[in-house]
**Q** 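My structure is below; once you've seen it, I'll send some questions.
Everything quoted here is computed from the prediction, not taken from an experiment. Start at 1 and go down the list; that is how both ligands and their atoms are numbered.
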Amino acid sequence: MLKVENLHCEIDGQPILMGLNIELIPGKIHVLMGPNGSGKSTLAKTLMGHPSYEVTQGSVELDGEDMIDAEVDEKSQKGLFMAFQYPVEVPGVHFTNFLRMAYNSRQPEGKKIPIFKFNKLVREKAELLGIEQELLDRNLNEGLSGGEKKKAEILQLAVLNPKYVILDETDSGLDLDALKIIFSGLTKLQEVNPEMSFLIITHYQRIFDYIKPDHVHIMYKGKVVQEGGMELVDQISKEGYSNFKK
Ligand code: ADP
Ligand code: MG
């Protein structure tokens, strides 16, 4: 479990998170919603250990271990992953080679995967996700479209297979085809790895056509103020956030 208790966090001395509690349960789909400025992105960045965000109180535990001061690498080794934060535009690099480097960087010494085996793995994942094989042969300096970049990134997620995945407004700017591939893809990844869990930060109701949350958390002014299921999403689509402000 990823357990966040009474988290307080400041930027330049300004309190942003003010006593936030949330638990991410392995194998579950969590959705985090809340008005602009409520601190959703701050939570995501603080969990990843962004240096501008200073934790002043509270705890973050990843499978029972304190993670507040852990290095990004250590968090990543333990399975925490912020999806779509790593730029896939690396000039002159073949996409599959780029993925293999990312994969091998997480393997212990002596356990690096051979090229042919890795190529097979990537092809299988692309097929599972419904991503065209041509994307695998592209060079990253060729200028991928917005949708292609997101597909490339979910493939990265499929290959690296983390346990806790945070997605901060991954839906923004996607056309419906890409939206479907990404969000139905997350469900498929979870079928392959039932331990995988997601914290999906979103405003966009359309994603719920493709993914069904187990838990919905509503943030307001630096705290989670309400938790429940899909009924909260329905309430927000009808009334906005006005009834959550406390
Ligand atoms: P959300 O993602 O819910 O829209 P944010 O976490 O981006 O909210 O922002 C929460 C508050 O923190 C806002 O008032 C925002 O202005 C402030 N904030 C976020 N990042 C920074 C930053 N790097 N410097 C100064 N203020 C920030
Ligand atoms: Mg945000």
Side-chain angles (χ1 to χ4, degrees), residues 2-24 29-60 62 67-72 75 80-88 146 149-150 153-154 157 162 164-174 178-179 182-183 186 197-208 210-211 213 215-228 230 232-246:
L2 176 66
K3 189 171 180 181
V4 179
E5 259 183 329
N6 189 33
L7 190 65
H8 289 250
C9 153
E10 296 182 351
I11 304 169
D12 299 333
Q14 170 88 21
I16 308 288
L17 301 182
M18 293 171 280
L20 182 138
N21 297 296
I22 196 165
E23 288 180 359
L24 300 194
I29 297 169
H30 297 259
V31 163
L32 180 64
M33 303 180 87
N36 290 330
S38 53
K40 304 178 298 297
S41 296
T42 301
L43 173 64
K45 289 176 192 162
T46 304
L47 292 178
M48 291 317 293
H50 192 291
S52 316
Y53 299 76
E54 192 197 349
V55 174
T56 54
Q57 240 192 89
S59 65
V60 177
L62 192 67
M67 274 289 135
I68 285 189
D69 294 322
E71 297 295 325
V72 178
K75 292 183 192 191
L80 184 62
F81 187 89
M82 178 112 135
F84 311 102
Q85 71 174 334
Y86 305 107
V88 289
K149 269 187 206 159
K150 301 270 167 144
E153 285 164 337
I154 194 171
L157 190 58
Y164 302 98
V165 183
I166 303 172
L167 304 104
D168 191 1
E169 302 206 19
T170 295
D171 39 48
S172 61
L174 287 185
L179 194 76
I182 302 293
F183 286 94
L186 297 181
S197 60
F198 302 104
L199 180 63
I200 302 172
I201 301 174
T202 189
H203 284 294
Y204 196 38
Q205 309 275 343
R206 280 311 276 269
I207 72 159
F208 301 113
Y210 306 112
I211 194 160
H215 302 281
V216 176
H217 314 261
I218 310 296
M219 247 184 111
Y220 185 67
K221 288 197 176 163
K223 277 188 199 178
V224 172
V225 293
Q226 192 148 351
E227 295 180 304
M230 251 329 257
L232 295 181
V233 175
D234 297 335
Q235 189 182 340
I236 291 163
S237 70
K238 289 196 198 95
E239 309 166 5
Y241 292 103
S242 50
N243 289 317
F244 294 104
K245 299 180 178 177
K246 30 178 158 159

**Q** Contact between ligand 1 and Ser38 is defined here as a heavy atom of the residue under 4.0 Å from a ligand atom; is it met?
**A** yes
**Q** N/O of Gly39 under 3.5 Å from N/O of ligand 1, yes or no?
**A** yes
**Q** Which heavy atom of the protein is the closest neighbour of atom 23 (N) of ligand 1, given with residue, atom name and distance?
**A** Tyr53 OH, 3.9 Å
**Q** Taking the side chain as every heavy atom from C-beta outward, state whether His8 and Leu17 have any atom pair closer than 4.5 Å.
**A** no
**Q** Do Arg206 and Phe183 have side chains that approach each other closer than 4.5 Å (heavy atoms only, starting at C-beta)?
**A** no
**Q** With nothing but distance in play, are any N or O atoms of Lys40 less than 3.5 Å from an N or O of ligand 1?
**A** yes
**Q** Check whether any N, O or S atom of Ser41 sits under 2.8 Å from the Mg ion (ligand 2).
**A** yes
**Q** For Thr42, which part has a heavy atom under 4.0 Å from ligand 1: side chain, backbone, both, or neither?
**A** both
**Q** Looking at atom 16 (O) of ligand 1, tell me if a protein heavy atom falls under 4.0 Å from it.
**A** no
**Q** Ignoring angles and geometry beyond distance, decide whether Ile16 reaches within less than 3.5 Å of ligand 1 through its nitrogen or oxygen atoms.
**A** no
**Q** Give, for atom CD of Gln57 and atom CD1 of Ile68, the distance between the pair rounded to the nearest 0.5 Å.
**A** 10.5 Å
**Q** With heavy atoms only and a cut-off of under 4.0 Å, state how Tyr220 meets ligand 1: side chain, backbone, both or neither.
**A** neither
**Q** Is there a side-chain contact between Tyr204 and Leu174 in this structure, where contact means two heavy atoms from C-beta onward sitting under 4.5 Å apart?
**A** no
**Q** For atom 14 (O) of ligand 1, what's the nearest protein heavy atom and its distance?
**A** Gly37 O, 4.2 Å
**Q** When you compare the side chain of Ile236 with that of Val216, does any pair of heavy atoms fall below 4.5 Å?
**A** no
**Q** Would you say Lys75's side chain and Leu62's backbone share a donor-acceptor pair under 3.5 angstrom?
**A** no
**Q** Within a distance under 4.0 Å of any heavy atom of Asn36, pick out the atoms of ligand 1 and give their elements.
**A** 4 (O)
**Q** Tell me: protein heavy atom nearest atom 27 (C) of ligand 1, and distance?
**A** Ile11 CD1, 3.5 Å
**Q** Could you tell me the separation between the CD1 atom of Ile22 and the CG atom of Leu7, rounded to the nearest 0.5 Å?
**A** 11.0 Å
**Q** Between Lys40 (side chain only) and Pro35 (backbone N and O only), is there a donor and an acceptor less than 3.5 Å apart?
**A** yes
**Q** Which word best sums up how the rings of His30 and His215 line up, parallel for under 30°, tilted for 30 to 60°, or perpendicular for over 60°?
**A** parallel
**Q** Between Ser41 and ligand 1, is there a nitrogen or oxygen pair with a distance under 3.5 Å?
**A** yes
